[in-house]
Amino acid sequence: MRHDGSTFFGQVYPTSSIVKALESRRDSIDIVEVGDSIEETARMLAEGKTIGWFQGGSEFGPRALGHRSILADPRKPEMRDFINSKIKFREDFRPFAPSVPLEDVGIYFDCQYESPYMILVAPVRPEWIDVIPSVIHRDQSCRIQTVTEASDPKYYRLLHAFKRATGVSVLLNTSFNRRGMPIVEMPAQALDFFLRCALDVLVLNNHIVTKKPSPPNRHSQTQLRPY
């Protein structure tokens, strides 16, 4: 059997392991289990939410390729600085990469070749520079990840769902970690990271996870002294 080119060789965690990790943090999170998380995730991305995306077995190698990724809308110019400062906790000059369906890569980039492992660079076509600013380097190039249905059907479907919602089939894709930390591997690690940063949503396979509102801190309120 011919290899499909994917690098998703990590352990696939069963639903029971994911549910156990979720239940252990029930006091801090709200959980919705859906039959298919694609359309809801695309809708939230189009609304400007940042999403931790945890699907199947993890990638082999240093790149996040759609199984342990932080995803966001590349059209929002403020997104790069927000993710660097509030989620990744790293320097503000660090760039992000775009994921795009292989058949659409030539629409946005001067690129007619595959780049499935996010290691090849191409210029952005001039008409798209102001449309997808959060994934463009200072020299107006991008380190591109092309996605096919054969290599990653779920991520491929998400890109197309985002295109239906926005007209753009590009997502900002960065590794699911922060500075000095390896990419998350287990569901519990993804949850702990999610709860300690400004990510809006965590999608663990088909579990959509959000944070419960923090209770008011009575010590932060102004205390009036009696006369």
Side-chain angles (χ1 to χ4, degrees), residues 5-13 18 36-38 40-46 48-76 79-80 82-84 86-90 94-102 115-119 132 134-135 142-149 151-163 166 168-179 181-210:
S6 74
T7 65
F8 307 118
F9 303 140
Q11 177 181 341
V12 177
Y13 294 90
I18 292 174
D36 188 346
S37 58
I38 295 292
E40 180 64 11
T41 300
R43 181 189 67 78
M44 293 186 293
L45 287 164
K49 290 183 169 56
T50 54
I51 292 181
W53 181 249
F54 182 109
Q55 304 293 321
S58 61
E59 301 89 340
F60 177 83
R63 305 289 184 217
L65 300 175
H67 278 208
R68 300 291 187 276
S69 291
I70 293 170
L71 305 177
D73 186 343
R75 301 173 302 160
K76 299 185 177 299
M79 194 60 76
R80 176 166 49 200
F82 175 77
I83 294 175
N84 273 331
K86 302 298 184 182
I87 297 173
K88 303 280 285 186
F89 302 108
R90 65 182 192 177
R94 298 271 187 169
F96 294 113
S99 297
V100 60
L102 176 60
S115 179
Y117 309 119
M118 200 188 284
I119 57 175
I132 54 172
S134 282
V135 292
C142 290
R143 191 184 70 218
I144 301 164
Q145 178 199 5
T146 55
V147 182
T148 66
E149 187 172 18
S151 64
D152 192 348
K154 191 165 188 176
Y155 194 35
Y156 179 85
R157 287 172 53 218
L158 178 62
L159 288 163
H160 278 283
F162 186 72
K163 183 178 184 178
T166 66
V168 175
S169 57
V170 177
L171 283 174
L172 182 159
N173 176 13
T174 187
S175 55
F176 199 159
N177 66 339
R178 62 175 179 271
R179 184 176 62 177
M181 169 189 173
I183 298 175
V184 301
E185 165 59 26
M186 298 180 291
Q189 293 170 335
L191 280 159
D192 288 343
F193 179 61
F194 170 64
L195 291 169
R196 294 172 182 169
C197 71
L199 271 172
D200 295 306
V201 181
L202 172 62
V203 182
L204 277 166
N205 289 356
N206 285 325
H207 294 84
I208 297 175
V209 184
T210 54

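- Residues satisfying the salt bridge (Lys or Arg N to Asp or Glu O under 4.0 Å) test with R143, not counting sequence neighbours, are none.
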Evaluation steps, side-chain contact (heavy atoms from CB on, under 4.5 Å), between D73 and L172: CA-CA 6 Å; D73 186 343; L172 182 159; over 6 Å; no
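- The distance from atom CD1 of I119 to atom CD of Q145, rounded to the nearest 0.5 Å, is 11.5 Å.
- Between W53 and L158 there is a side-chain heavy-atom pair separated by less than 4.5 Å.
- Side-chain atoms of Q55 come within 3.5 Å of backbone N or O of N205 as a donor-acceptor pair.
- Ring planes of H67 and F8: parallel class, angle under 30° (limits at 30 and 60°).
- The closest donor-acceptor contact from the side chain of S69 to the backbone of L71 lies at 3.5 Å or more, if one exists at all.
- For residues 60-72, no residue pair satisfies the salt bridge (charged side-chain N to carboxylate O under 4.0 Å, His left out) rule, not counting sequence neighbours.
- No donor-acceptor distance shorter than 3.5 angstrom exists from the side chain of T146 to the backbone of P101, with no hydrogens or angles considered.
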Worked verdict on F194 versus I51 for side-chain contact (heavy atoms from CB on, under 4.5 Å): CA-CA 9 Å; F194 170 64; I51 292 181; over 6 Å; no
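- In this structure, the side chain of E40 does not engage the main chain of S37 through any donor-acceptor pair within 3.5 Å.
- Minimum interatomic distance between I38 and A161 (heavy atoms only, all atoms of both residues): CG2-CB, 3.7 Å.
- Between I83 and F96 there is a side-chain heavy-atom pair separated by less than 4.5 Å.
- Closest approach of A198 and F82 over heavy atoms only: CB-CZ, 3.8 Å.
- Of the possible donor and acceptor atoms, none in the side chain of E149 sits under 3.5 Å from a partner among the backbone N and O of Y156.
- Between Y155 and S99, the closest heavy-atom pair is OH-OG, 2.7 Å.
- A heavy-atom distance below 4.5 Å is found between the side chains of N84 and R80.
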V168 and I132: CA distance, side-chain angles, deciding distance, side-chain contact (heavy atoms from CB on, under 4.5 Å) verdict: CA-CA 9 Å; V168 175; I132 54 172; 4.1 Å; yes
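- With sequence neighbours excluded, the residues satisfying salt bridge (Lys or Arg N to Asp or Glu O under 4.0 Å) with K49 are E47.
- In this structure, CZ on F162 lies 6.0 Å from CG on L45, to the nearest 0.5 angstrom.
- Not less than 6.0 angstrom separates the ring centroid of F54 from the ring centroid of F176.
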Step-by-step side-chain contact (heavy atoms from CB on, under 4.5 Å) determination, M118 to I144: CA-CA 5 Å; M118 200 188 284; I144 301 164; over 6 Å; no
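- Using a 4.5 Å heavy-atom cutoff, the side chains of L65 and V147 are not in contact.
- By the salt bridge (Lys or Arg N to Asp or Glu O under 4.0 Å) test, R157 is found to be paired with D36, residues two or more places apart in sequence or in another chain being considered.
- For S175, the side-chain hydrogen bond (donor to acceptor under 3.5 Å, both in side chains) partners at least two apart in sequence or on another chain are K88, N177.
- Residues V135 and C142 approach most closely at O-SG, 2.9 Å, considering heavy atoms.
- The salt bridge (charged side-chain N to carboxylate O under 4.0 Å, His left out) analysis of residues 184-204, with sequence neighbours excluded, yields the pairs R25-D192.
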